[in-house]
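Remember, it's 1-based here, ligands and their atoms both numbered in the order they're listed.
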Amino acid sequence: MDLARFPRRHYTHAPTPIEKLPHFTKALAASCPGGVGPEIWIKRDDLLGLFPGGNKTRKLEFLAADALAQGADTLITCGAPQSNHCRITLSAAVKEGLKARFVIEERVPGSYKKEAGGNNFMFELMGVEQITVVPGGSDMGAAMSKIAQELASMGRKGYIIPGGGSNAIGGLGYVACVQEMQVQWTDMGVAFDAIVVGSGSSGTHGGMVAGFVGNNIKIPLIGVGVSRDPADQEPLVFKEAQAVADLLGIGKIPREAVKSFGGYWQPKYSVPNAKMVEAVQMLARTEGILLDPVYTGKIMAGLIGLARQGHFKPNAKVLFMHTGGLPSLHVYEDIVLGRTPVND
Ligand SMILES: *Cc1c(COP(=O)(O)O)cnc(C)c1O
């Protein structure tokens, strides 16, 4: 598939590494049936460009390019408090000489604190132009349109990016990632048996599904929900994958190409659980790679849980997509160190 017809900015200088995790694999096997587990590999999308990079970087390459092509001077987007997506959008805006404005949805009243550290600190340091805090359940699209109108009345031009950068254009970032990986695993001579990816606002998972279908890749792609169980998450991913496929002109996405697991994000989006703490500690202490508490810790908990249930064949090669998220780890230090106990 030729992505060259879509405007794109480049924020990362080389493919992100695919690495084998030998010590983590060994530790995981010890808790798998019969002491044999899958062989775990990792795609280091936590090393993408923009500071510090993560999956939103890939979406922003296409979204920011589209904003520039339309002559926008401001990126408008939305997210939860500690939004990685808002921080990476701001970083892209700064790099492109644009301004950024956010609408932050307080799903828990009073939970957005400017001085909270992590991403919130970076919003201020990188000079966000405006943050509008709205209550949980607000119409985020309407709140962003209002900001775009305010800008227009001042003779400026805003470009609205939906939550997580998950629309058809943003999803192209993960079609590009699939094409990047296809070259990597061919060069490495490694055939993966499964790929595990986080599934939230769905641009990452949905973009990968479109990339797999468009490039005729048959490796099972397993989403792990970070805020919804499959009955609610899979239709979202399917819709996103189809929107990306329509933009690319590659026809219909088979519904069965979308597969996800739930059960690892509870009690609530962004609220810690014990499996997440175990996963964050296990990868940090076996491989020196850090996960975050909101997304990748729970996604890795999903991989660990599936391995322990015997979901993967013994010694199957499983690739974990590390989607980034490091800044929020600093806001949950006591929890990931086990000083503040959490429930299952
Ligand atoms: C946003 C995010 C995800 C989820 O990706 P979506 O494209 O929203 O599904 C996973 N990991 C991290 C670190 C994120 O910031």
Discussion item. For atom 8 (O) of ligand 1, what's the nearest protein heavy-atom neighbour? Residue, atom name and distance, please.
Written reply: S201 OG, 2.5 Å

Practice prompt. Please could you name the atoms of ligand 1 that K59 approaches to less than 4.0 Å, counting only its heavy atoms?
Written response: 6 (P), 7 (O), 8 (O)

Worksheet, complete the sentence: Of all protein heavy atoms, the one nearest atom 4 (C) of ligand 1 is N55 ND2, 3.7 Å

Worksheet item: With a 4.0 Å cut-off on heavy atoms, does G54 reach ligand 1?
Response: no

Worksheet item: Does the side chain of Y11 come under 3.5 Å of the side chain of E96 through a donor N or O and an acceptor N or O?
Response: yes

Worksheet entry | Contact atoms of ligand 1, heavy-atom distance to S202 under 4.0 Å | 6 (P), 7 (O), 8 (O), 9 (O)

Worksheet entry | Where ligand 1 meets T204 - atom numbers and elements under 4.0 angstrom, heavy-atom basis | 5 (O), 6 (P), 7 (O)

Discussion item. Testing the 3.5 Å rule here: is there a donor-acceptor pair between the side chains of Y174 and D45?
Written reply: yes

Worksheet item: Atoms of ligand 1 less than 4.0 Å from G325 heavy atoms?
Response: 13 (C)

Worksheet item: Considering only the protein, which heavy-atom contact is closest to atom 11 (N) of ligand 1, and what is its distance?
Response: T323 OG1, 2.7 Å

Worksheet item: Between K56 and Y295, is NZ or CZ placed under 6.0 angstrom from the six-membered ring centre and within 45° of the ring axis?
Response: yes

Item to complete: Find all atoms of ligand 1 within a distance of less than 4.0 Å from any non-hydrogen atom belonging to N84, and give their numbers and elements.
Response: 13 (C), 14 (C), 15 (O)

Worksheet item: Does F261 have K259 sitting over its ring (NZ/CZ under 6.0 Å from centre, angle to axis within 45°)?
Response: yes

Item to complete: Give a yes-or-no answer on whether the side chains of Q184 and K43 include a donor-acceptor pair shorter than 3.5 Å.
Response: yes

Worksheet item: Is any NZ, NE, NH1 or NH2 atom of the basic residue among E278 and R308 found under 4.0 Å from an Asp or Glu carboxylate oxygen of the other?
Response: yes

Discussion item. Taking the six-membered ring of F123 as reference, does the cationic atom of R87 (NZ for Lys, CZ for Arg) lie under 6.0 Å from its centre and within 45° of its axis?
Written reply: no

Worksheet item: Quick one: nearest non-hydrogen protein atom to atom 9 (O) of ligand 1, plus distance?
Response: G200 N, 2.7 Å

Response to the item:
Note: T25 and I40 closest approach over all heavy atoms is OG1-N, 3.0 Å

Practice prompt. Using distance alone, with no hydrogens and no angle criterion, decide if N120 and E124 have a side-chain donor and acceptor under 3.5 Å apart.
Written response: no

Item to complete: Measure K56 to ligand 1 on non-hydrogen atoms and call it side chain, backbone, both or neither using the 4.0 Å cut-off.
Response: side chain

Worksheet, complete the sentence: ligand 1 to G203, heavy atom cutoff 4.0 Å, flagged ligand atoms 7 (O)

Item to complete: Could you tell me whether ligand 1 has any atom less than 4.0 Å away from a heavy atom of G164?
Response: no

